[in-house]
Amino acid sequence: MTMTTSKKGQNPVLLWFRKDLRLDDNHALQAAATSGRPVVPIYIREPEVDGNGPLGAAQEWWLHHSLAALQKALGTLNSGLILRQGDPLAVLEKLIAETGAETIVWNRRYDPAGIAVDTQVKKILRDNGIEANSFAGQLLHEPTRLRTGAGGHYKTYTPFWRAFEQSGEPPFPIEAPEKLLAPNHWPKSDTLASWSLLPIRPNWASEFPDTWTPGEAAALEKLKDFIDGALDDYAVGRDFPDTPATSLLSPHLALGEISPARIWHATRGLSGKIPTDDIIRFRKELVWREFCYHQLFHFPKLRTANWNDRYDDFPWLSDARRLKSWQRGQTGYPIVDAGMRQLWRHGWMHNRVRMIAASFLIKDLLIDWREGEAWFRDTLVDADPAANTANWQWVAGSGADASPFFRIFNPVLQGEKFDPDGGYVRTFVPELSKLDSKYIHRPFEAPDDVLRRAGIELGKHYPRPIVDHAVARQRALAAHASLKNDG
DNA sequence: TGCCGGTTAAC
DNA sequence: TTAACCGGC
């Protein structure tokens with residue numbers, strides 16, 4: 001049968017994948033699979049919005065491999081994945097014309113640019129007689145679901161968490177379908193290689209595969225490993241960057257290779273009916289993700305504007321040299337440099353170290369948090385439009401329920417507290433690997449003979465601190481005090 | 001999900 | 001001399 005002879009009822013359903021690159025717990029997929037019609041799964045590489053690519057470079061590396069994995073997984077359902085690029089509405093209209101589709105389904109996304117696109121697409125397609133249906137599943141609950149007693153949105157985490165807990169269990173995940181009906185005629189697809197998502201020269205992602213396996217299968221495996229292992233010590237272990245105590249699920253979540261509902265419900269029943277401290281702690285992190293989307297939904301400018309406009313007059317410094325030192329992990333503070341180099345090598349940084357590195361940029365260097373947000377967005381494989389922006393504002397003090405600005409991390413003390421033996425530093429700052437643990441977080445205070453024995457000449461093998469923390473702290477407090485005191 | 005400096009109390 | 005505590009930033 002050819003396209004032109006296909007009868008009504010055999011018109012395919014377009015299944016539009018976005019940041020939901022999975023078969024498990026996928027409601028749009030479920031709707032397509034149970035429609036009784038052939039399904040044409042598609043992925044559209046969308047153009048830049050707001051002068052920023054939708055994805056940073058590290059996440060494009062991930063996307064490449066994730067799409068390859070999804071293509072393969074769809075193959076096991078006797079289906080496939082059509083790749084197109086361009087303005088989504090134009091691409092969809094073309095695909096509708098090519099396939100005769102009368103229905104399109106997708107899972108909702110919650111970043112402002114995505115919402116704007118989807119709202120327009122849905123309206124225009126519906127005006128043209130196309131059935132366009134969207135589904136939930138990227139969050140545990142829709143960002144509009146929880147309301148304060150006064151009917152507004154939450155501005156602090158603890159009441160949000162309480163309301164979340166009291167509002168009932170998140171929906172249970174659904175299983176992947178076993179089969180999809182293939183169309184009689186597959187539309188043309190771009191090749192994945194033609195999108196050039198992988199870095200070529202220099203290949204800064206060369207070590208990513210040692211750390212990461214993108215794709216749904218690896219995500220589910222990682223979840224199982226975490227539940228069976230590290231979750232048991234999560235509440236304490238999560239703060240120690242040299243300990244494998246975190247889930248490592250963030251990049252999988254960021255592109256929707258695994259659903260938060262799947263994760264949430266996987267943590268039940270480990271120790272009877274009552275969740276342990278470790279489980280609660282972990283679930284609270286999932287709910288922080290929800291809280292970040294809650295903020296972004298109700299304050300769409302979150303990436304570019306201070307949530308608290310009191311910070312609009314903050315006297316940030318422009319300092320390209322120091323910004324570059326921070327980006328390259330050459331600040332002279334080992335815990336900061338280890339974190340920034342882990343970010344570059346693995347596309348990921350341990351959460352505790354993210355806070356330390358972010359505090360250093362904002363408070364020790366007085367560089368605008370937006371510079372940090374942009375760098376993380378480009379280099380993190382788990383970059384998320386809500387979490388990345390909300391968390392930078394959290395450190396800066398400008399965000400919702402943010403850390404007070406006067407909470408300034410001392411990078412030496414933080415290193416000594418959370419990386420006491422310096423194992424994390426030695427891994428990512430190898431030039432310090434032979435330094436005594438006593439000085440591993442303060443090489444600038446090490447006696448000459450200690451440095452000599454470790455083969456280190458400060459200023460040559462490893463930088464002296466680019467700022468004196470005690471001085472920088474005072475400068476930061478003074479800068480903060482210069483703001484109008486209205487809250 | 002701080003740090004700092006001052007005070008107090010025990011030795 | 002040091003640990004514990006506290007207020008201020």
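Reminder, nothing fancy here: chain letters follow the sequence lines and each chain counts from 1.
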Measure all distances between protein nitrogen or oxygen atoms and nitrogen or oxygen atoms of nucleotides 3-7 of chain C, and list the pairs falling under 3.5 Å.
none

Taking [atom1] from [X] and [atom2] from [N], how many angstroms apart are they, rounded to a whole number?
{"X": "A:Met355", "N": "B:dG2", "atom1": "CE", "atom2": "C1'", "value": "11 Å"}
{"X": "A:Ile356", "N": "B:dT1", "atom1": "CD1", "atom2": "C1'", "value": "10 Å"}
{"X": "A:Ile362", "N": "B:dT1", "atom1": "CD1", "atom2": "C1'", "value": "14 Å"}

A:Trp16 six-ring face occupied by A:Arg18 cation (under 6.0 Å, within 45°): yes

Closest to the A:Trp288 side chain, choosing from C:dC9, B:dG2, B:dT1: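 Of the options given, the side chain of A:Trp288 lies nearest B:dT1.
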
Could you tabulate the donor-acceptor pairs under 3.5 Å formed by side-chain atoms of residues 396-406 of chain A, not counting sequence neighbours?
{"unit_1": "A:Ser398", "atom_1": "OG", "unit_2": "A:Asn306", "atom_2": "OD1", "d": "3.4"}
{"unit_1": "A:Ser398", "atom_1": "OG", "unit_2": "A:Gln393", "atom_2": "OE1", "d": "2.8"}
{"unit_1": "A:Asp401", "atom_1": "OD2", "unit_2": "A:Tyr157", "atom_2": "N", "d": "2.7"}

Salt bridge (Lys or Arg N to Asp or Glu O under 4.0 Å) involving A:Arg322 - partner list, sequence neighbours excluded: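 Once residues adjacent in sequence are excluded, the partners of A:Arg322 under the salt bridge (Lys or Arg N to Asp or Glu O under 4.0 Å) criterion are A:Asp319.
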
With A:Arg475 via salt bridge (Lys or Arg N to Asp or Glu O under 4.0 Å) - residues at least two apart: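 Not a single residue meets the salt bridge (Lys or Arg N to Asp or Glu O under 4.0 Å) criterion with A:Arg475.
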
Tabulated below should be each protein N or O lying under 3.5 Å from an N or O of nucleotides 3-5 of chain B; please produce it.
{"unit_1": "B:dC3", "atom_1": "OP1", "unit_2": "A:Asn410", "atom_2": "N", "d": "3.2"}
{"unit_1": "B:dC3", "atom_1": "OP1", "unit_2": "A:Gln414", "atom_2": "NE2", "d": "3.3"}
{"unit_1": "B:dC3", "atom_1": "O2", "unit_2": "A:Arg473", "atom_2": "NH2", "d": "3.4"}
{"unit_1": "B:dC4", "atom_1": "OP1", "unit_2": "A:Asn410", "atom_2": "ND2", "d": "3.1"}

CZ/A:Arg162: more than 12 non-hydrogen atoms of other groups inside 6.0 Å: no

Salt bridge A:Asp24-A:Arg22, side-chain N to carboxylate O under 4.0 Å: no

Carboxylate-amine/guanidinium proximity below 4.0 Å for A:Arg289 and A:Asp382: no

Distance-only donor-acceptor hits, side chain of residues 430-437 of chain A, under 3.5 Å, sequence neighbours excluded:
{"unit_1": "A:Glu431", "atom_1": "OE1", "unit_2": "A:Arg341", "atom_2": "NH1", "d": "3.1"}
{"unit_1": "A:Glu431", "atom_1": "OE2", "unit_2": "A:Arg341", "atom_2": "NH1", "d": "3.2"}
{"unit_1": "A:Glu431", "atom_1": "OE2", "unit_2": "A:Arg341", "atom_2": "NH2", "d": "3.0"}
{"unit_1": "A:Ser433", "atom_1": "OG", "unit_2": "A:Pro430", "atom_2": "O", "d": "2.9"}
{"unit_1": "A:Ser437", "atom_1": "OG", "unit_2": "A:Asp421", "atom_2": "O", "d": "3.4"}
{"unit_1": "A:Ser437", "atom_1": "OG", "unit_2": "A:Arg426", "atom_2": "NH2", "d": "2.9"}

